[in-house]
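What follows is a set of notes on a single structure, which appears directly below.
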Amino acid sequence: MKAKVVHKGPVISCAQKDGVEMLRAEIREEDPLQRAAEHTSINVIFFGTLAKDFSQSARQGDVVLLTDFTIKKSPSFLRDRLHPCQLEMDGDSACVYAKYTYVSLNKLKPKTVVNVYGVVTFFKQPFPSKGSDYCSTLKITDQSDVKVGCNIFSKKLEDHPVIFRAGDIIRLHRFKTDVFRDSMSLLNTYGWSTVTFDGKTDSPVVPRTSSKSFHFEESDKRMVQELRQWAANQSWISSDLTVTLSSVQPGMYFDLTCQLLAKAVMDSRCILLKVWDGTKCQHPLLNVAVASDALEGESTVAKDRMNLTANVLVYDNHLEVARDLKPGTFLRFYNLHAYLQRAPDQLPDQPDHLSFHLHGGTSYGRGLRSLPAESPDLQSLKSALDKHVDLDENDEVNDGTLLEIWYTPPEAVVLPNDEETDAEADTGPSYTVRTCEHNSQRLTLARVKRSTPPLSCHVRARVKRYKPQQLYQCLKLFCSNCKTMIDVPDDSAVSKVFRESAKDNQPCDEQWAATSSASSREPGRTISMHISRDMVGESTHMQLIFVEGTTLDEICVLSRDYKNLVPVRSVNGRMTLLDLTAPFLFSGDKRYYGCKRCSLNTFQNPVFTGVETWDEQSVAEALGVQLMQYRLLIQFELEDKTDTLEALLWENAEKFFHVSAVDASGSQDLQDKIQTIMDTIQPPDSSLEEHPWLDLCLSVYAVKDNDRNQVCYQIANTEIREE
DNA sequence: GCTTAGGATTGG
């Protein structure tokens, strides 16, 4: 039997049936043709759990289907004149179905209770009303193309419809119609419920509701699919383009689907949400500095550096939702406002940064909500995030990795194409001058840190500190073959090698050499000098002399008078180079070292012909020694108003100081010059404000270190300004 | 079993 519920009584206890619960309802024939007939209403008695269920779920006005009832004589017929019979719903097989009929939105009559289906064209997340409840405001439409406003009031947030975006489909049960401003509107009324569905035609029809019980059957699925199909051909829904961080433009109000990385309470009216969607913003993103102990969630430093982190300031009424979000949650902002903002510490000629504000109020549906991780809307977001799995925050620079950079010379610097920007020339005084020809953008250090290598850029910064503080340690020996870098051995180590070699030394006797010997002051130690017989009579005569049995001091004295001195020792009468801890060549003020790893030591049969002028390179070649180069290496801790940054002075060091490393190795004057420059850049016992500004060209590049990319900064194309 | 809101940008 199909009929409308016209009356529903309370659940009472039946004394005649051992106190079992029962409920009386009156139902009436729905068919209009039957209405004129007699006895179109009849009583139904529900027993047991059926009574309770009916009481809870059925409402006056509902259409219900009853099956497997028993027809009994009505004991109240004489009194109510309703029907001589009544229907009794009892036992396992009796069943009652609610029969929902859905009204097209253009057929709504005022002041009626209806069920409708619609596509959501506008919605606001629930907000506190001025009364006692939260209010959801939405607008829906259907195939009739009529738009109907709808308000839903409920104290419980979880009872409100779960709408993720315009285009979602919603089913409303038991909503009361009324006229407002010449249009029909809907308001939830007793026993109301809502169910929503994703609006995409190809996604599965999965009802979203928090209702304890709701009816959902094949006919519902059909309704949803028909509405989806219709909506797909409507321009207002198909124009719904998704905005990502990579496509957002200044001034936009837009919806952002993203993942929460970290959050911090700024004040009583503002929460900062650090989010990302895996896409890189075209504009530099504003970073909002927060003390790390005030931040809940992971550090975003690596993502900041790659311009992946959006800092969203969430205000006022949205705090209630934002407060409860946990880092890692997927969420969507509605009507998020992006605009360019000047960072408080930003230099004048820098581009403005993109900031994000979820302003107070609910205009235009402004708000935010978390999205379930399995939401079909998250598929593209998740695949974008997956592309950054290597972005482990453990990559953050720490002291250990800094040390490694310090002792491991970086690989060749990759200079990218110049950024086509038109930065203004610097006006303030700088102790340095850039010599590069490119016109790269000038960036703050904070911005440099967020950039993605490789990159060439300009910065203006002061040197806060530098390493090594003992400047003589900045002079290094570098093997261009195996990239080994070592400190220049100190005199005590070198002099020890000489003493060991001179001990119990018998002059060596080589066929290729002419030798002269003399006794030293110490008994038993003979000093010998050898010249290649090949060279005798040539112009190179006396250019290259092999010295045996001297101390370090003695060979230094000798080197005042002879151009190239190679210290040697005798092993079983054969001439051999000293341990390569010692220089293999003394040349005037300079000492040259060989690489222990790469030197072949072909000294056994040296060839000394065909050389016009002997220098360290030709000597090294003749002896089978891999010559090590002198290099300068200093690490600057740069600072500007935005950040600090450790930058190496390495490839460009000699140009920077206008000093050659090898010359400095033998010249106190040049070493003093470097010291003077450093004392100007970073005056001893001075505050940072007293340090001069430096205009610097910076190379940002990645170095593979234990299979991990380490970002390095090197000062390039920059020189000291010498008056 | 009343009332709430009834779309329409903050101004940080």
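So you know, we letter chains A, B, ... as the sequences are listed, proteins then strands, and number each from 1. No experiment lies behind these values; they were computed from the predicted model shown. Values reported hereafter were calculated over all heavy atoms of this structure, with side chains retained and with hydrogens, waters and symmetry mates removed.
- Looking at residues two or more places apart in sequence or on another chain, you find a salt bridge (Lys or Arg N to Asp or Glu O under 4.0 Å) between A:Lys111 and A:Asp178.
- The distance from atom CZ of A:Phe123 to atom P of B:dA8 is 15 Å, rounded to the nearest whole Å.
- For a distance-only test at 3.5 Å, the side chain of A:His357 fails to qualify as a donor-acceptor partner of the base of B:dG11.
- With rounding to whole Å, A:Leu273 atom CG is found 19 Å from B:dG12 atom P.
- Formation of a donor-acceptor pair under 3.5 Å by the A:Thr309 side chain with backbone atoms of A:Asp304 is found in this model.
- For A:Tyr100 (side chain) and A:Val116 (main-chain N/O), no donor-acceptor pair under 3.5 Å exists by modelled atom type.
- One N or O on the side chain of A:Asp277 and one on the backbone of A:Thr279 form a donor-acceptor pair closer than 3.5 Å.
- Base engagement by A:Gly360 is indicated by at least one non-hydrogen atom pair under 4.0 Å involving a base atom.
- B:dG6 sits 23 Å from B:dT10 when the C1' atoms are compared, rounded to a whole Å.
- Donor-acceptor pairing under 3.5 Å is lacking for the side chains of A:Asn151 and A:Lys124.
- Not counting sequence neighbours, A:Asp182 has no partner by the side-chain contact (heavy atoms from CB on, under 4.5 Å) test.
- Atoms NE2 (A:His359) and P (B:dA8) sit 16 Å apart, rounded to a whole Å.
- Within residues 102-113 of chain A, no residue has a heavy atom under 4.0 Å from DNA chain B.
- For the 3.5 Å distance criterion, the side chains of A:Ser203 and A:Arg228 qualify, holding a donor opposite an acceptor.
- Using P as the reference atom, B:dA5 and B:dG1 are 22 Å apart when rounded to the nearest Å.
- Legend: residues meeting side chain to side chain donor-acceptor pair (under 3.5 Å) with A:Tyr190, ordered by chain and number and at least two apart, are absent.
- Note: CZ (A:Arg269) to C1' (B:dT10) measures 11 Å, nearest angstrom.
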Q: Indicate for each nucleotide in nucleotides 1-7 of chain B, in 5' to 3' sequence, whether protein heavy atoms under 4.0 Å reach the base (B), only the sugar-phosphate (S), or nothing (-).
A: BSBBBBB
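- The OH-P distance, from A:Tyr253 to B:dG12, rounds to 11 Å in whole Å.
- With sequence neighbours excluded, the residues that form a side chain to side chain donor-acceptor pair (under 3.5 Å) with A:Thr257 are A:Arg332.
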